Amino acid sequence: MNLILVHGLGQSAAAWDKTVREFPEGISAVCPELSEMYKGGGYDSLYSAFCEYCGDFSEPLDLCGLSLGAVLALNYAADFPDRVGSLVLIAGQYKVPKALMKFQGLIFRFMPKKAFEETGFGKSDFMELNGSMAGLDLTDKLKNVTANVLVAVGGRDKPNAGAANEMSKLLGCDLKTIPDSGHEVNLDDPKALAEVLTAFYGRSGLL
């Protein structure tokens with residue numbers, strides 16, 4: 001497997017540590033640090049850097065992303081379908097609501113700069129990325145995805161539950177709800193997430 005775990009905005013690569021420790025023997029993963037890729041310029045700039053990162057791996061790739069990471073993974077799988085064998089989208093959006101980004105941006109605006117330090121992103125980076133994603137729409141690209149797909153969402157993640165349900169239908173794949181988790185499934189219930197991923201990769205013939 002070429003498993004790449006992509007964290008969300010507000011997280012660092014370390015957010016996957018507990019999940020990775022729960023994997024059985026035979027599953028290993030790399031966890032890129034998005035803040036190290038980002039040089040400013042909004043979502044398009046980050047996506048371009050992510051594409052370059054993925055290009056260094058032999059195919060097929062097994063992409064698993066949460067939130068922003070899910071958007072990046074879905075975007076890549078749609079643009080380069082021949083390079084992606086499996087795709088897990090956790091708490092993601094395929095059509096980013098402007099209202100949600102506006103609300104999120106308002107929260108970021110009033111948070112102290114210190115609150116962003118652990119992620120590696122600066123406050124201005126958060127604001128720039130958040131604003132640049134408002135209205136991002138990958139709907140027309142979904143038909144290009146050929147990978148084995150799983151959509152997952154935390155049971156308490158109400159803002160993303162609807163999108164997860166819609167996305168699973170549009171992609172023709174299973175939807176897995178992790179009951180005792182909020183938005184950050186990799187932090188809220190890493191054991192349950194590891195079990196879901198292991199089962200999916202087993203069904204996909206990757207183990």
Side-chain angles (χ1 to χ4, degrees), residues 1-40 43 45-80 83-93 115-122 125-126 129-130 133 145 147-154 157 160 164 176 178 181-202 204 206-207:
M1 291 180 67
N2 283 322
L3 179 56
I4 302 175
L5 302 175
V6 194
H7 66 80
L9 186 62
Q11 295 186 337
S12 68
W16 289 107
D17 288 353
K18 292 181 180 180
T19 303
V20 171
R21 285 198 291 268
E22 294 290 345
F23 281 149
E25 191 173 337
I27 298 182
S28 59
V30 294
C31 309
E33 198 72 74
L34 296 182
S35 63
E36 295 179 0
M37 298 183 190
Y38 190 61
K39 307 302 180 185
Y43 174 80
S45 175
L46 178 60
Y47 177 60
S48 178
F50 180 71
C51 290
E52 185 174 344
Y53 174 85
C54 289
D56 289 336
F57 292 84
S58 59
E59 57 188 56
L61 301 180
D62 303 293
L63 299 179
C64 172
L66 181 142
S67 195
L68 169 61
V71 177
L72 290 167
L74 175 60
N75 204 158
Y76 188 86
D79 285 346
F80 304 96
R83 286 190 49 77
V84 182
S86 73
L87 179 66
V88 179
L89 306 169
I90 307 167
Q93 297 275 348
F116 300 91
E117 290 177 357
E118 290 186 2
T119 69
F121 286 102
D125 294 330
F126 265 74
L129 276 170
N130 186 78
M133 291 180 67
V145 176
N148 291 323
V149 187
L150 174 68
V151 173
V153 67
D157 188 6
N160 291 289
K176 184 68 176 179
I178 300 174
S181 176
H183 181 62
E184 297 181 288
V185 182
N186 52 359
L187 296 176
D188 293 343
D189 201 343
K191 183 175 182 180
L193 177 58
E195 290 173 353
V196 166
L197 293 177
T198 300
F200 171 68
Y201 295 133
S204 300
L206 298 172
L207 300 180

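Residues take their numbers from the sequence shown, with the count starting at 1. Just so you know, these numbers come straight off a predicted model, no measurement behind them. Atom set for the values below is all heavy atoms of this structure, side chains included, hydrogens, waters and symmetry mates excluded.
- The shortest side-chain heavy-atom distance between Val196 and Val88 does not fall under the 4.5 Å cut-off.
- You'll find the side chain of His7 stays beyond 4.5 Å of the side chain of Cys31, heavy atoms only.
- By the 4.5 Å heavy-atom criterion applied to side chains, Leu9 and Met133 are not counted as neighbours.
- Taking Asp125 as the reference, Tyr38, Phe121 meet the side-chain contact (heavy atoms from CB on, under 4.5 Å) condition, with sequence neighbours excluded.
- Leu150 approaches Lys176 most closely through the heavy-atom pair CD1-CB, 4.2 Å.
- What you find for Asp157 and His183 is that their closest heavy atoms are OD2-ND1, 2.9 Å.
- Within the structure, salt bridge (charged side-chain N to carboxylate O under 4.0 Å, His left out) contacts touching residues 27-39 (residues at least two apart or in different chains) do not occur.
- The side-chain heavy atoms of Tyr201 and Cys64, taken from C-beta on, include a pair separated by under 4.5 Å.
- Considering all non-hydrogen atoms of both residues, Gly182 and Asp188 come closest at N-OD2, 2.8 Å.
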Output a table of donor-acceptor pairs, distance under 3.5 Å, between side-chain atoms of residues 14-28 and any protein atom two or more places apart or on a different chain; print 'none' if there are none.
| residue | atom | partner | partner atom | Å |
| --- | --- | --- | --- | --- |
| Thr19 | OG1 | Asn186 | O | 3.4 |

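- When all heavy atoms of Gly40 and Ser45 are compared, the closest pair comes out as O-OG, 2.7 Å.
- Considering only residues two or more places apart in sequence or on other chains, Ala29 meets the side-chain contact (heavy atoms from CB on, under 4.5 Å) condition with Leu3, Leu5.
- Among residues two or more places apart in sequence or in another chain, the side-chain hydrogen bond (donor to acceptor under 3.5 Å, both in side chains) test is passed with Ser181 by none.
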Output side-chain donor-acceptor pairs under 3.5 Å for residues 49-59, partner residues at least two apart or in another chain, one line each.
| residue | atom | partner | partner atom | Å |
| --- | --- | --- | --- | --- |
| Ser58 | OG | Asn2 | ND2 | 3.4 |
| Glu59 | OE1 | Arg83 | NH1 | 3.3 |

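- Counting heavy atoms from C-beta outward, Tyr43 and Leu72 have side chains that approach closer than 4.5 Å.
- Val153 has its side chain out of reach of Val151: every pair of non-hydrogen atoms, C-beta onward, lies at least 4.5 Å apart.
- The salt bridge (charged side-chain N to carboxylate O under 4.0 Å, His left out) pairs that include a residue from residues 61-73 number zero, where partners must be two or more places apart or lie in different chains.
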